Every structure is written in C-alpha cells, then in structure tokens.
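Below you'll find the structure, written out as structure tokens, and then a few comments.
Nothing here was measured: the structure is a model prediction, and the numbers come from that model. All chains are named by letter (A, B, ...) in the order of the sequence lines, taking the proteins before the strands, and each is independently numbered beginning at 1.
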Number of protein chains: 2
Amino acid sequence: MTGQVRTVDGRVAGRRGQATRQKLLDCLSEMLSSSPYRDVKVIDVARKAGTSPATFYQYFPDVEGAVLEIAEQMAAEGAELTGLVAGRSWVGKAGWQTAQELVDGFLEFWRRNDAILRVVDLGAAEGDKRFYKLRMKILNSVNNSLSDAVAELQSKGKVDKDVNPAAVAGALVAMLAAVASHQKGFQTWGVKQAELKPNLALLVHLGITGKKPTK
Amino acid sequence: MTGQVRTVDGRVAGRRGQATRQKLLDCLSEMLSSSPYRDVKVIDVARKAGTSPATFYQYFPDVEGAVLEIAEQMAAEGAELTGLVAGRSWVGKAGWQTAQELVDGFLEFWRRNDAILRVVDLGAAEGDKRFYKLRMKILNSVNNSLSDAVAELQSKGKVDKDVNPAAVAGALVAMLAAVASHQKGFQTWGVKQAELKPNLALLVHLGITGKKPTK
DNA sequence: TCGGTAAGCTGACGGCATGACAGGACAAGT
DNA sequence: ACTTGTCCTGTCATGCCGTCAGCTTACCGA
C-alpha cells in the first residue's frame with residue numbers, strides 16, 4: 001500500500017537505507033520534543049543520527065517533509081481513537097462512561113505525541129493544506145462519530161433541531177486538542193490533571209446530549 | 001509604565017529610533033501573516049522595512065524577542081476582552097446574549113490577531129515560560145470572569161458542587177481559542193462561520209450554567 | 001570467484017543568514 | 001561652525017543550507 005520507499009533522486013531504498021531513514025525520523029522526533037520547532041536544524045538531526053546532512057537530504061526534501069512523514073505514521077496509529085467513540089451509547093450511565101473514556105483516551109494520545117501534534121497544529125493554523133489534511137485525518141474518526149451521535153439524538157428529538165452536529169462535534173474535538181496541548185498550562189493555573197478530566201467529560205457530555213450526565 | 005524604550009546596547013531610543021523600531025515590528029507582523037513562522041528571516045523583515053539587518057539587531061535580540069514585543073502590545077490591547085464577560089448576567093435571555101457576545105467578540109479578536117496568536121500559542125505549548133505568561137495575560141480576564149460566574153452559580157446551588165470552576169472556564173476558553181485558530185478548517189469541513197457561532201455560544205452557555213439557554 | 005550494478009554515504013563548495021562592531025551620517029543645541 | 005549623542009549601515013567571521021561528484025558497500029548473476 002505504501003508503495004516503495006524512494007530517495008529524493010528516485011532510487012528505491014533497501015534495508016539499510018530504510019534503517020537510516022527511520023533513524024533520522026526518530027532523531028528528528030526526539031529533537032522536536034526537546035527544542036522549539038523553529039530551532040531544529042538539519043545538521044543537528046544528522047549529527048544525532050550519526051550521519052551527515054547530505055544523507056538527510058537524500059531521504060527528505062527538507063525538515064518539513066520529514067515532519068509530514070512522522071505525522072503520517074502517527075495518523076495511521078491514531079486510528080485507535082476511533083474505538084473511543086464508534087458505536088458507543090450516549091444514554092444514561094453508559095453515556096457518562098463514554099464521555100470519560102473519550103477524554104481519557106484523547107488526552108493520553110495527545111500526550112504521547114505532543115511534539116509532533118504541535119507542529120501539525122501550527123502548520124494547519126498557518127493554512128498549509130498538507131498539515132491541514134493530516135489534522136483532519138487524525139481527528140476525523142472522533143469528529144464523525146461525535147457528529148453522528150448528535151445527529152442521532154437529534155432525530156429522536158432529544159436534541160434541539162437548530163443544533164449543527166458537525167459544528168458541535170468540531171468544537172468539542174478542538175477543545176480536547178487545545179486542552180491537551182496546554183495541559184501544563186492548567187497546572188500552573190491551579191487545576192490538576194485529575195480534576196481536569198471529569199470536568200472535560202462533563203462538557204463533552206453536555207455538548208453531545210444537552211443534558212447533565214447521570215453518574 | 002513601559003519605562004523607556006532601549007536599544008540592545010543600552011542607549012535610549014529617541015523619536016526617530018522608535019519610529020524605525022515600530023516599523024520593524026509592523027513589517028514582522030505582516031510577514032508572520034503571510035509566511036510560516038519558521039521561515040521568517042531577519043533579513044527579510046529588514047528589507048521590507050527598508051533598512052538593514054544590523055538595525056534590527058540594534059532593537060531586538062532576535063526574531064523571537066520582537067515577536068514577544070508585538071504580543072505584549074496585543075496583550076494590552078486585549079484587555080478589551082474583559083468587557084465581554086465582566087459583570088454580565090448568565091440567567092435567562094440575558095445569559096444567552098452574554099454567551100453570544102462573548103463568542104462573537106472572542107472570535108473577532110482572534111481573527112484580527114491570528115498570526116501573532118499562533119506563534120504565542122506555539123511558544124506556550126512548547127513550554128516557553130515567556131509565551132506562556134503572555135498567553136495567560138491575554139486570556140486571564142475572560143477566564144477569571146467565567147470562573148467567577150460558575151462559582152457564583154455554584155454557591156446559589158444552580159450548578160453541581162463537584163464542578164471545578166477554573167477547569168470549566170479554562171476548557172471553554174481553550175475551545176474558543178482553538179476554534180478561532182482553525183476557523184478555516186471548519187469551512188472545508190462543511191460548517192460555515194455563521195452556523196458555527198450560535199453552536200459555540202450554546203456550548204459556552206451549557207458549560208457555564210449547565211442548562212440550555214432560553215432564547 | 002568475480003565483475004557489474006545499483007544503493008548508500010560523505011567531503012566539499014557556493015550561497016545565504018546571523019550577529020557583532022566600528023565608524024559614518026544626522027539632528028539638535030550652543 | 002562645533003559638539004554631542006542618537007541612529008544607521010558596511011563589513012566581517014561564523015555557521016547552516018542544499019547540492020554534486022565521487023567514493024564505498026552490498027547484492028546478484030554468470
């Protein structure tokens with residue numbers, strides 16, 4: 001499916017080549033979490049990987065290209081998020097649990113990949129279509145599931161007609177992503193992570209169902 | 001209050017100096033909205049301002065320093081956000097209007113300053129304390145007001161005891177900021193801005209009061 | 001075993017941004 | 001005109017970028 005991995009000048013990468021390529025990606029990934037995106041230099045990545053800058057350019061057009069590659073891998077892995085919402089109930093106690101598990105899983109996923117997600121978010125916000133699509137790819141599963149949930153409740157008359165399912169779902173997902181990005185921020189604000197989660201779950205539940213959860 | 005404007009080497013800037021300084025800031029600001037943060041170079045800013053790179057370094061230690069300066073100006077200006085929530089009612093129809101006006105004002109503010117706010121957000125997410133504090137400074141007024149509103153409703157028994165006002169307020173503010181950053185994203189998602197606003201207002205109202213608004 | 005071929009890597013280079021400095025230009029007061 | 005302090009820029013050493021030619025290594029078929 002991925003086709004063949006190719007170098008910039010068109011050669012097909014073999015075992016060894018793919019290993020170096022992956023090593024470069026790993027090192028870049030590590031650098032992104034330890035220093036500002038703006039300051040990540042090709043030469044540093046290459047040094048860290050024990051190779052030369054020229055090698056880097058053999059596999060990636062530039063730093064951004066490599067970042068996209070990492071993000072792509074993560075997006076595939078991010079399919080796990082689907083399981084957090086697909087086919088879950090939003091009614092009664094089950095609904096409260098769905099909300100809690102969604103918040104939990106989402107925050108955990110974001111924490112695990114925060115460095116790369118920051119860059120994707122920035123790229124998307126700056127209007128870069130590639131990052132943009134990638135962000136959608138990652139969030140789409142959750143977003144669609146939530147949107148469906150709202151639409152279903154709406155068809156049963158449990159949610160007001162004038163609610164736009166896609167808008168509400170999108171806003172809630174954006175909230176989760178933003179809070180996850182600034183988790184540390186809440187801490188110095190005097191809100192501990194353990195306290196944060198149930199409150200987020202509450203907001204999600206309120207947003208989807210329009211009602212307070214039954215706990 | 002701002003004290004005196006000083007150059008990097010300690011001289012006090014006079015009329016002319018301050019003018020060039022401001023021109024550099026303006027040009028930087030403009031560049032930030034037209035090209036990715038990562039690609040903004042001192043030499044480009046200087047060229048655009050019709051001066052030399054050396055001049056830039058006379059007033060700012062680096063690009064980041066100048067960005068902080070712009071953000072600081074914006075933060076002061078952002079005090080206007082306070083008026084959107086301070087002393088407003090969250091009950092009945094007035095509550096619904098408060099929510100709507102908050103969303104409206106917030107989105108507008110973000111739209112006006114999106115380029116610089118993106119950078120501040122990134123810096124904060126990357127853990128830079130200076131950007132971090134700045135972000136708090138900008139959002140604090142709204143955040144505190146919302147937090148107070150929840151706490152007040154709570155003391156009247158209108159909101160559950162186990163709700164953490166600061167957490168809810170912070171999450172809602174984060175949501176507004178995130179949605180504002182990705183407004184274009186919602187459009188390609190099939191959600192128009194006009195539809196987005198009332199849904200956001202609904203979420204805000206639900207979050208603060210725990211109830212659907214009376215329209 | 002032995003080339004042949006393609007993959008893999010690097011040294012080296014021109015080009016450009018950075019950041020520092022010293023000195024020249026300029027305005028204002030005397 | 002002269003002095004003083006502000007303001008700007010030419011220039012330079014340094015370091016990263018991105019590319020190329022060319023060397024080394026691995027694989028493969030005869």
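Closest approach of B:L28 to B:A66, counting heavy atoms only: CD2-CB, 3.4 Å.
The separation between B:Q58 atom CD and C:dA22 atom C1' is 12 Å, rounded to whole Å. Taking atom CZ of residue B:F60 and atom P of nucleotide D:dC8, one finds them 12 Å apart after rounding to whole Å. Here the P atom of nucleotide D:dG22 and the CG atom of A:D9 are 16 Å apart, to the nearest Å. Straight-line distance from the CZ atom of B:R38 to the P atom of C:dT18: 13 Å, rounded to whole Å. Atoms CZ (B:R47) and C1' (C:dT18) sit 13 Å apart, rounded to a whole Å. Rounded to whole angstrom, the span from the CZ atom of A:R21 across to the C1' atom of C:dA7 amounts to 15 Å. For A:K41 and D:dC16, the NZ to C1' distance is 7 Å, given to the nearest whole Å. Spacing between atom CG of A:D39 and atom P of D:dC17 amounts to 11 Å, rounded to whole angstrom units.
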Pair B:V142-B:T82, side-chain contact (heavy atoms from CB on, under 4.5 Å): steps then yes or no: CA-CA 6 Å; B:V142 179; B:T82 312; over 6 Å; no

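The cationic group of A:R118 does not satisfy the cation-pi geometry with A:Y37, failing either the under 6.0 Å distance to the six-membered ring centre or the 45° limit from the ring axis.
An OP1 or OP2 oxygen of D:dG10 is reached within less than 4.0 angstrom by no side-chain nitrogen or oxygen of B:S52. Contact annotation: A:Y59 side-chain N/O to C:dC9 OP1/OP2 distance is under 4.0 Å. Look at A:R15 and you'll find a side-chain N or O under 4.0 angstrom from OP1 or OP2 of D:dC27. For the pair A:T55 and C:dG8, the criterion of a side-chain N or O lying under 4.0 Å from OP1 or OP2 is not met. Between C:dG19 and B:Y57, a contact under 4.0 Å exists linking OP1 or OP2 to a side-chain N or O. A:R11 has a side-chain polar atom (N or O) that falls below the 4.0 Å cut-off from OP1 or OP2 of C:dA7.
Salt bridge status for B:D44 with B:K48: absent, with no side-chain N to carboxylate O gap under 4.0 Å. Using a 4.0 Å cut-off between charged nitrogen and carboxylate oxygen, B:R111 and B:E108 count as a salt-bridge pair.
Closest to the side chain of B:T51, out of D:dT19, D:dT9, D:dC16, is D:dT9. Of the candidates C:dT18, D:dA26, C:dA20, C:dA20 carries the atom nearest the B:A54 side chain, counting heavy atoms from C-beta on. Here the side chain of B:T20 is nearest to one of D:dC8, C:dA7, D:dC17, namely D:dC8.
Checking A:P53 against A:R16, the closest nucleotide of DNA chain D that is more toward the 5' end is the one next to A:P53.
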